Amino acid sequence: MLNITSDIQSLTTFRRSSGDFMKLLRKTKRPVVLTVHGKAAAVVQDAEAYQRLLDIAARADAEEGIRQGLDDVARGRTLPAREAFDEIRRKHGISR
């Protein structure tokens with residue numbers, strides 16, 4: 001949950017106290033929204049927290065791929081492996 005008193009700051013404030021913000025980012029692992037003229041312009045966060053976010057997104061993407069594959073099987077949108085490989089060979093001009 002976003003804390004508007006500490007997680008939204010102006011870019012000017014961030015520039016003036018970037019060292020303090022870096023300590024806060026490392027300690028809390030929470031992103032900070034930076035604003036320009038009162039509008040969100042950027043989000044900064046600790047590198048470790050960002051990597052964790054990337055890992056979660058990659059897992060979610062893999063899980064969605066699996067879900068779609070299982071849905072294809074359930075709806076009969078599949079081919080036997082031999083037919084699939086034959087189709088790939090024809091499409092790409094690959095001989096056996």
Side-chain angles (χ1 to χ4, degrees):
M1 184 59 109
L2 190 67
N3 180 335
I4 61 171
T5 60
S6 61
D7 296 343
I8 301 175
Q9 298 289 332
S10 72
L11 180 60
T12 302
T13 301
F14 181 79
R15 273 192 253 166
R16 286 183 187 145
S17 306
S18 60
D20 292 336
F21 275 101
M22 293 307 297
K23 288 176 191 172
L24 182 68
L25 291 170
R26 279 191 294 274
K27 179 182 174 187
T28 66
K29 306 294 185 201
R30 295 170 58 98
V32 174
V33 177
L34 300 179
T35 62
V36 175
H37 302 297
K39 294 186 180 183
V43 177
V44 293
Q45 71 182 125
D46 172 73
E48 183 181 320
Y50 182 67
Q51 183 62 55
R52 192 170 58 250
L53 181 64
L54 291 176
D55 293 344
I56 290 167
R59 272 196 311 276
D61 193 41
E63 289 171 4
E64 176 60 15
I66 292 167
R67 189 202 62 72
Q68 288 177 11
L70 292 172
D71 187 56
D72 286 343
V73 170
R75 294 174 184 263
R77 296 185 300 234
T78 60
L79 292 174
R82 185 175 310 259
E83 289 179 35
F85 287 125
D86 287 345
E87 188 175 307
I88 291 168
R89 283 187 196 97
R90 276 193 306 275
K91 181 178 178 181
H92 296 285
I94 301 169
S95 61
R96 281 191 156 216

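This one's a predicted model, so the numbers in the text were calculated from it and none came from an experiment. These numbers come from the heavy atoms of this one structure, side chains and all, not from hydrogens, waters or symmetry mates.
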K.L.:
Give the minimum heavy-atom separation between A41 and V36, together with the two atoms involved.
P.N.:
CB-CG2, 3.6 Å
K.L.:
We want to know whether Q68 and D72 form a side-chain donor-acceptor pair, criterion being a heavy-atom distance below 3.5 angstrom.
P.N.:
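Side-chain D/A pair, Q68 to D72: absent.
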K.L.:
State which residues pass side-chain hydrogen bond (donor to acceptor under 3.5 Å, both in side chains) with T12; sequence neighbours excluded, sorted by chain then number.
P.N.:
none
K.L.:
Give me each pair satisfying ring-ring contact (aromatic ring centres under 6.0 Å, His included) with a member in residues 49-96, each pair once, sequence neighbours excluded.
P.N.:
none
K.L.:
CG/D61 to CD1/I66 distance, rounded to the nearest 0.5 angstrom?
P.N.:
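With rounding to 0.5 Å, CG (D61) is 10.0 Å from CD1 (I66).
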K.L.:
Under the salt bridge (charged side-chain N to carboxylate O under 4.0 Å, His left out) rule, collect the residues that match up with D71, sequence neighbours excluded.
P.N.:
R75, R77
K.L.:
Roughly how far, to the nearest 0.5 Å, is the CZ atom of R15 from the CD atom of Q9?
P.N.:
14.0 Å
K.L.:
Between CG of D46 and CE of M22, what distance do you get to the nearest 0.5 Å?
P.N.:
7.0 Å
K.L.:
For residues I8 and V43: do they belong to one hydrophobic cluster (side chain heavy atoms under 4.5 Å, members Ile, Leu, Val, Met, Phe, Trp, Tyr)?
P.N.:
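Yes, because I8 and V43 connect within a single hydrophobic cluster, where side-chain heavy atoms sit under 4.5 Å apart.
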K.L.:
Excluding sequence neighbours, so at least two apart, what forms salt bridge (charged side-chain N to carboxylate O under 4.0 Å, His left out) with E64?
P.N.:
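Scan of E64 (salt bridge (charged side-chain N to carboxylate O under 4.0 Å, His left out), adjacent residues dropped) gives R67.
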K.L.:
Taking all heavy atoms of A40 and all of V33, pick out the closest pair and write down the distance.
P.N.:
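Distance-wise, the nearest heavy atoms are CB-CG1, 3.7 Å.
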K.L.:
Quick one: CZ on R52 to CD1 on I56, what's the gap to the nearest 0.5 Å?
P.N.:
6.5 Å
K.L.:
Roughly how far apart are E83 CD and I88 CD1, rounded to 0.5 Å?
P.N.:
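Interatomic distance, E83 CD to I88 CD1, rounded to 0.5 Å: 12.0 Å.
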K.L.:
Just to verify, what does E48 make a salt bridge (charged side-chain N to carboxylate O under 4.0 Å, His left out) with, not counting sequence neighbours?
P.N.:
K29
K.L.:
So if I apply the side chain to side chain contact (heavy atoms under 4.5 Å, CB included) rule between F21 and each of V44, T13, L34, which one comes out positive?
P.N.:
T13
K.L.:
Salt-bridged, R89 to D86, with N to O below 4.0 Å?
P.N.:
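Yes, R89 and D86 are salt-bridged.
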K.L.:
Please list all pairs meeting side-chain hydrogen bond (donor to acceptor under 3.5 Å, both in side chains) that have one or both residues in residues 16-26, counting only residues at least two apart or in different chains.
P.N.:
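Not a single pair qualifies under side-chain hydrogen bond (donor to acceptor under 3.5 Å, both in side chains).
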K.L.:
Which one of N3, L24, L25 satisfies the side chain to side chain contact (heavy atoms under 4.5 Å, CB included) criterion with R30?
P.N.:
N3
